[in-house]
Amino acid sequence: MAPAPPGYHGCYLRIDVSDGRVERVPLPETVLRQFLGGSGLGAWLLLEEEGADRDALDPAAPLAFVFSPLVGSPLTTSAKFAVVSKSPLTDRFNDSLAGSGFAVAGKRCGCDAIVIVGRATSLSTLVIDDDRIRIDAADDLRGATCRAAEATLKARLGPGYQVASIGPAGEHAVRYATISHDGRHAGRGGSGAVLGSKNLKAIAVRGTMRCEWAQPGALTEYSKALSKRSFGPATAKYRELGTAANLLTFNRLGVLPTRNFQSGTFEAAVDISPGAISETYSRTRASCVACTIGCEHIYARENEQGVRLEYESLFALGPLCGVSDPDIVLRAAGLCDDLGVDTISTGGTIAFAMECVERGWLNAPWLQFGSGDAMMRAIEMIGRREGLGDLLAEGSRRAAHTIGHHSIAFAPQVKGLEIPGYEPRALQTMALGFAVGARGADHNRSGAYEVDFSDKVDRKHVTLDAVHHAIDTEDKAALMDSLILCKFLRGVFEDFYAEAADMLRLVTGWDATADELRDTARRIVHAKRQFNLLAGWTPDEDTLPDRFLETPLSGDPEATLSREQLGSLVTEYHRQRGW
Amino acid sequence: MRVEFLGIPRERAGVADLELEAETLGQLFATLAARFPSLEDVIATDRLRASFVANINGDRFVSDPRTTLHDDDCVLILSADAGG
Ligand code: SF4
């Protein structure tokens, strides 16, 4: 095997859990330079492994845990990994990222990625201890929450292990099940169901193999300076308030999706705002390893387990379902974490079901907008696919096809992935970002909302001028997800591509330039699309549900997005991408 | 006109909103900077620092200090990275 460039091990582990066969597959330097790591390298691996052709839950379908050149370096927010596979929710490309110690320990197993295929004979844990790899029985963990499974395995395996696990939802193939590590989740698109389909409850990693850095002294100096900058105003919101602070801002701007996107404002937003929750809960902060920002705000009552609360969980389990009781919202977020389900897809699917009940199309009269108890009951049922939960575990798109009545018109999804907390009619650059996203509607793969929250566009009357801005944010996200750096750091960079090139030079020794990385970002976006094309993508998928294209936002007649308008934005997007 | 602070600007100002008189956005920021030294992180003389944005009446995002304001306008000041 040719020597790996600094920052890399130059190979990936390919593990068939059907028979325990392990290969260390070389990764050529040209591939590493072209796709970097994280989402980018994951896309390349999935194409190599012909993952587009298989059903997402077919045991032969590959599931990749991908690290990056920056993982393990002193660069702040770099302790992250990507989980990449075909999504059982969208049947398209899916990449979910999470922090923290799992990334560092996994890379120290001497690989740049772990690709898993096959299906273990019974529920198991894949244990990777440096270059010793085994499959342990995990039948006793059946039904365990993510948190319990991780704690049990860490106690059982001994010091130094980092664990990523699924909860009951992953075992039951809920199509938006997560993979959890240290309370964080590779959350979107159902990677937990993919791990469950391989009969794996968890992966435990421990390693001692470190990479070299090309310029260790300069890298340390650069990292110190970057950490210092990360304490500045660009990250103050994340540090001091957390993303939950978005709630009141979005409500004020009329872009807070409420009652299944029937409104952009929620009359009880103040009741579930972080300020109101802080009156009865104590708030502490936490962070991923190797992070100087610490965006996690954990709310707890005395002697109770704390709950990490993000804006997306707050919006999806609050306004989207019409729920205004902060206790319920926090308990619901904690329950989703325990069961291992994506809060956005959970809230979106339940809100959709609530509207179907309201219209008399779904026989579950207990499931009403505003009923926190009903929402909690629905989450429990989804996590174990019990009763109505079996239908809702399929996500809103599949549920709509079963329910009929053309309810697909208001199923809040793109390509099957439920829409995050940004009202597309009033944030029309974001509407484009949602429509064209490779993994469906997502705010982490397209930061187009930033364009809407600026004077670059008129967010309710967006024109073709917005398209290149949307492309810029998507490219930048692709690069951040491949290097990998946390997006909450993005505001500290004046010229992100130039600084990313600096970091990559210090880590790998490559003579990378800003222009090269712009090309790299585009290459990665193209690779995701290539996967989708092979998986059967058609242009019709790049759109929004009829509700957004046929009905103005309630109470805001200016927030209107016609089918023709979105169509021309999408066409221009495809043209500028050269597709 | 009315000024509303959201998120970090509200934390720094210590108030949620207030009434002010100003003919332009630049004047408004200068007045706020003089009245609230704690907004130093947020306002640089007559404009917002890069991490913050202003919006008029919940509709239009503005940054040009010469932007004309009207008595019945409501200016929102918030973090630029409104996502999460
Ligand atoms: S900012 Fe938050 S999500 Fe990002 S690395 Fe730090 S703690 Fe993790």
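Order of the sequence lines fixes the chain letters, A, B, ..., with proteins taken first and strands second; residue numbering starts at 1 for each chain. Every heavy atom of this structure was used, including side-chain atoms; hydrogens, water molecules and symmetry mates were not.
Heavy atoms of B/N55 lying under 4.5 Å from chain A belong exclusively to its side chain. No part of A/D556 comes within reach of chain B, as not one of its non-hydrogen atoms sits under 4.5 angstrom from that chain. With a 4.5 angstrom heavy-atom cutoff, A/S454 touches chain B only via backbone atoms.
Options B/V53, B/L76, B/L78 differ in how many heavy-atom pairs under 4.5 Å they form with chain A, and the most are formed by B/L76. For the set B/A50, B/S63, B/A54, B/S79, the entry with the most heavy-atom pairs within less than 4.5 Å of chain A is B/S63. For the set A/K487, A/K460, A/M430, A/R459, the entry with the most heavy-atom pairs within less than 4.5 Å of chain B is A/R459.
Checked against salt bridge (Lys or Arg N to Asp or Glu O under 4.0 Å), B/D41 has the following partners two or more places apart in sequence or in another chain: B/R12.
How far CG of A/L241 is from SG of A/C295: 12.0 Å, rounded to the nearest 0.5 Å.
Within a 6.0 Å sphere centred on CZ of A/R285, heavy atoms belonging to other residues, nucleotides or ligands number more than 12.
Salt bridge A/R188/A/D442: present, at least one basic N to carboxylate O contact under 4.0 Å. At a threshold of 4.0 Å, the pair A/E450-A/K476 does not count as salt-bridged, since none of the basic side-chain nitrogens sits closer than that to a carboxylate oxygen.
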